[in-house]
Enquirer: 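Submitted below is the structure of interest, expressed as structure tokens.
Every chain is numbered from 1 and lettered A, B, ... according to where its sequence line falls, protein lines coming before strand lines.
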Amino acid sequence: MLRMSTLFLRTLRDDPSDAEVPSHRLLVRAGYIRRAAPGGFTWLPLGWITYRKVEDIIRDEMNKAGFQEVHFPALLPREPYEATGRWTEYGPNLFRLKDRRNNDFLLAPTHEEMFTLVVRDLFSSYRDLPLSIYQIQTKYRDEARPRAGLLRGREFVMKDSYSFDVDDDGLQASYDRHRDTYISTFDRLGLPYVIVSAMSGAMGGSASEEFLAPIDVGEDTFVQCTSCGYAANTEAVLVAATSVPSVEHPAATVVDTPNTPTIDSLVEHLNAADATQRSDRPWAADDTLKNVVLNLVHPDGTVEPLAIGIPGNREVDLKRVEAQVAPAEPTPFTDADFEKYPSLVKGYIGPQALGTNSPSGIRYLVDPRVVNGTAWVTGANTAGHHVTHLVCGRDFTADGSIEAAEVLEGDPCSQCGEPMSMARGIEIGHIFQLGRKYAEALDLRVLDADGKQVTVTMGSYGIGVSRAVAAIAESHHDEYGLCWPRAVAPADVHLVIAGKDDGPQRPAAETLAAEFEAAGIDVLFDDREGVSPGVRFKDAELIGVPTIVVVGRGITDGLVEVKDRLTGERTDMPIGEVTAHITALLANA
RNA sequence: CGGGGUGUAGCGCAGCUUGGUUAGCGCGCCACGUUCGGGACGUGGAGGUCGGAGGUUCGAAUCCUCUCACCCCGACCA
């Protein structure tokens with residue numbers, strides 16, 4: 001039993017000024033957490049109870065799936081991360097430190113290396129596999145900008161699992177098992193989620209999906225097709241295939257287009273003059289082909305220019321480009337770069353000047369919408385001139401295609417062609433097939449049935465535990481405070497005394513609290529003296545325990561009020577029936 | 001890292017433009033009394049290196065310089 005008269009808790013009447021998002025605001029205000037460091041939080045009693053319930057559910061589902069829990073240090077030596085290249089590749093987000101002998105250490109942002117090494121140390125036969133092991137561990141990332149309270153901290157708790165298999169089929173099975181386990185885990189946590197296709201990014205590997213809680217304050221953008229259910233992170237969205245009607249296009253024509261530095265000004269200019277107007281309809285921004293040049297900086301430091309052609313009604317989405325060209329990093333083309341390529345006329349770059357066989361020799365990749373038979377208005381490689389009716393396949397060819405254009409609300413689904421909608425989400429889980437990157441780097445091999453050495457293939461699976469607490473708060477609150485799902489609430493019932501300190505309510509409530517406890521019901525008991533009823537009700541709503549029991553004026557008739565925090569529904573019932581009622585609520589949850 | 005904003009009691013804020021009593025208000029906290037089903041009231045209290053350092057001045061929360069921290073937008077980010 002938690003007695004509020006002695007509980008280490010102070011609720012705040014006002015929102016803390018440094019908290020913006022609801023989870024941060026409410027968790028601080030209701031006395032669950034306190035900021036302790038930039039990107040670091042202290043868990044207070046109510047918060048820690050809730051946190052542990054979340055952690056226990058995650059652990060329980062892992063164990064039910066047959067995964068085994070281990071625990072590594074958060075403080076690790078440099079060497080394993082040197083072997084996989086991540087000591088340098090991870091960049092400034094890695095917390096690095098030195099011991100007294102000046103040896104390099106790090107605070108682990110994730111533990112692929114350590115898991116790989118410990119399996120290599122202990123296992124050496126295909127008979128030992130498959131194996132999935134996990135830990136629930138504090139992780140450290142020196143985020144440039146921690147924000148939104150628990151949602152993006154520099155210290156946070158993550159459940160990370162790793163699977164080890166001899167072949168791709170085994171990896172797929174381990175991946176599927178984790179996927180199923182994540183589904184049951186998030187269901188139990190009461191977290192809404194969407195499973196989206198994702199990019200594996202810097203981690204390497206192939207198949208990858210994210211579990212996103214669809215909440216506006218989330219940092220990830222995803223698209224979802226309401227028709228067929230396809231969902232993907234915008235980084236991973238594929239452009240729908242375009243069918244090209246076979247029509248005879250006019251010959252490509254160079255036209256004067258002075259002072260048309262932007263797509264809008266170009267379209268306006270074309271539509272204004274008789275000579276350039278279309279006969280069938282006005283020109284539109286997506287008739288134009290915009291060519292953007294970037295530099296790719298490869299991990300070894302070499303720089304390669306890359307030209308990207310996309311429909312003019314869209315911008316280049318650098319995140320999407322980055323996901324495509326990883327591990328290389330795209331950077332903007334500078335004026336100095338343009339000077340090195342005199343064939344490129346800034347603002348009027350056309351496909352004829354691009355491509356590995358062109359004068360510039362710059363690799364030219366186009367949006368998947370730019371396919372053979374499509375006609376475009378694009379730069380003529382001369383200042384103040386554009387070309388109309390430049391047909392892909394007839395007048396120019398590209399070196400390939402790239403998913404680089406921004407995704408727009410309503411874009412057709414690549415699976416079924418129906419319009420897709422965009423939304424924001426909080427990444428609460430990520431599963432992906434790592435493959436053999438780490439096993440190769442760290443020499444994790446086992447003997448197969450034929451006695452041959454084979455490199456193990458791995459999967460990596462994460463759930464943000466502390467972030468999940470915040471995500472639940474984000475999805476379970478209203479204007480009055482938190483409304484926890486039963487499974488993670490800090491108590492089963494919040495028992496409130498509403499009456500004079502020396503009235504009959506107090507002894508009745510004490511008796512009821514004892515009865516709850518005997519029945520195995522966790523009770524948060526507001527037994528404070530000298531606190532007015534309004535304060536008690538406000539605090540109960542703020543704290544968010546799913547059921548609130550009020551022992552008030554009805555007690556003279558033997559009645560207490562049972563209130564549902566979420567719906568606000570109140571029911572008076574005889575005090576003798578309450579315990580059975582709550583027990584039934586818990587059983588049905 | 002770029003742009004913007006804010007640092008004054010546990011929380012929320014005023015005071016700063018135009019330097020000058022003992023730095024103020026609400027909430028919270030302590031004591032006493034009243035009140036007791038929707039953040040009650042009265043009386044009396046405790047609590048501050050005004051983010052930090054340096055400077056200008058007879059005198060700095062207030063003006064100047066530097067610095068640190070936090071928040072927002074962007075960049076970055078398993």
Enquirer: Taking atom C1' in both B:G26 and B:G47, compute the distance separating them and give it to the nearest angstrom.
Expert: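 Between the two C1' atoms, the distance is 16 Å.
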
Enquirer: Please measure how far the C1' atom in B:A46 lies from the corresponding atom in B:C29, and state the result in whole Å.
Expert: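 Those two atoms are separated by 8 Å.
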
Enquirer: What is the distance, rounded to the nearest whole Å, between atom CG of A:D14 and atom P of B:A9?
Expert: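 Distance check: A:D14 CG to B:A9 P gives 14 Å.
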
Enquirer: In whole angstroms, how far is the P atom of B:C71 from the CG atom of A:L151?
Expert: 13 Å

Enquirer: Please state how far atom CZ in A:R35 lies from atom C1' in B:U6, giving the value in whole angstrom units.
Expert: 14 Å

Enquirer: So, do A:E541 and A:K563 sit near enough that their side-chain heavy atoms are less than 4.5 Å apart?
Expert: yes

Enquirer: Using Watson-Crick or G-U wobble geometry with both distances under 3.5 Å, which nucleotide pairs with B:G10?
Expert: B:C27

Enquirer: Sticking with atom P, work out how far B:C16 lies from B:C63, rounded to a whole angstrom.
Expert: 9 Å

Enquirer: Rounded to the Å, how far apart are A:F115 CZ and B:A78 C1'?
Expert: 14 Å

Enquirer: Rounded to the nearest Å, what distance is computed from the CZ atom of residue A:R467 to the P atom of nucleotide B:C77?
Expert: 15 Å

Enquirer: Identify, between A:R553 and A:D15, the residue whose nearest nucleotide on RNA chain B lies closer to the 5' end.
Expert: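 This one resolves to A:D15.
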
Enquirer: Would you call A:R179-A:E209 a salt bridge at under 4.0 Å N-O?
Expert: yes

Enquirer: In whole Å, measure the gap between the C1' atoms of B:A60 and B:G15 for me.
Expert: 14 Å

Enquirer: Distance from A:K159 atom NZ to A:I463 atom CD1, nearest 0.5 Å?
Expert: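 Going from the NZ atom of A:K159 to the CD1 atom of A:I463 covers 5.0 Å.
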
Enquirer: Kindly indicate whether a cation-pi arrangement holds for A:R34 with A:W43, taking the cut-offs as under 6.0 Å to the six-membered ring centre and within 45° of the axis.
Expert: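 Ring-cation test returns no.
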
Enquirer: For A:D18 and B:G5, what is the distance between atoms CG and P respectively, to the nearest whole Å?
Expert: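 The answer, rounded to whole Å, is 19 Å.
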
Enquirer: Would you call the rings of A:Y193 and A:F186 parallel, tilted or perpendicular, taking 30° and 60° as the class edges?
Expert: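 Tilted, since the angle between the ring planes falls between 30° and 60°.
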
Enquirer: If I pick the P atom on B:G5 and the same atom on B:G20, what distance separates them, to the nearest angstrom?
Expert: 25 Å

Enquirer: If B:U49 has a Watson-Crick or G-U wobble mate with both distances under 3.5 Å, name it; if not, just say none.
Expert: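 Here B:U49 is not engaged in any pair, so there is no nucleotide opposite it.
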
Enquirer: Counting Watson-Crick and G-U wobble pairs only, both distances under 3.5 Å, name the nucleotide matched with B:G39, or none.
Expert: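 In the structure as shown, B:G39 has no Watson-Crick or wobble partner.
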
Enquirer: With a 3.5 Å cut-off and just heavy-atom distances, do the side chain of A:R152 and the base of B:C77 make a donor-acceptor pair?
Expert: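 When only heavy-atom distances are counted, A:R152 does reach the base of B:C77 through a donor-acceptor pair under 3.5 Å.
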
Enquirer: Could you check which nucleotide pairs with B:G2 in any of the strands shown, counting Watson-Crick or G-U wobble with both distances under 3.5 Å?
Expert: B:C73

Enquirer: Whether the side chain of A:R536 engages the backbone of A:V531 through a donor-acceptor N/O pair (distance < 3.5 Å, no angle test) should be reported.
Expert: yes

Enquirer: For nucleotides B:G4 and B:U67, find the distance between their P atoms and express it as a whole number of Å.
Expert: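 So the two P atoms sit 16 Å from each other.
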
Enquirer: Would you please classify the geometry between the A:Y51 ring and the A:W48 ring as parallel, tilted or perpendicular, with 30° and 60° separating the classes?
Expert: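 Ring orientation, 0 to 90° scale: parallel.
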
Enquirer: Could you give the distance separating B:U17 and B:U62 at their C1' atoms, to the nearest angstrom?
Expert: 10 Å

Enquirer: Give the B/S/- string for nucleotides 38-46 of chain B, one per nucleotide from 5' to 3', where a protein heavy atom under 4.0 Å of the base yields B, of only the sugar-phosphate yields S, and otherwise -.
Expert: BBS------

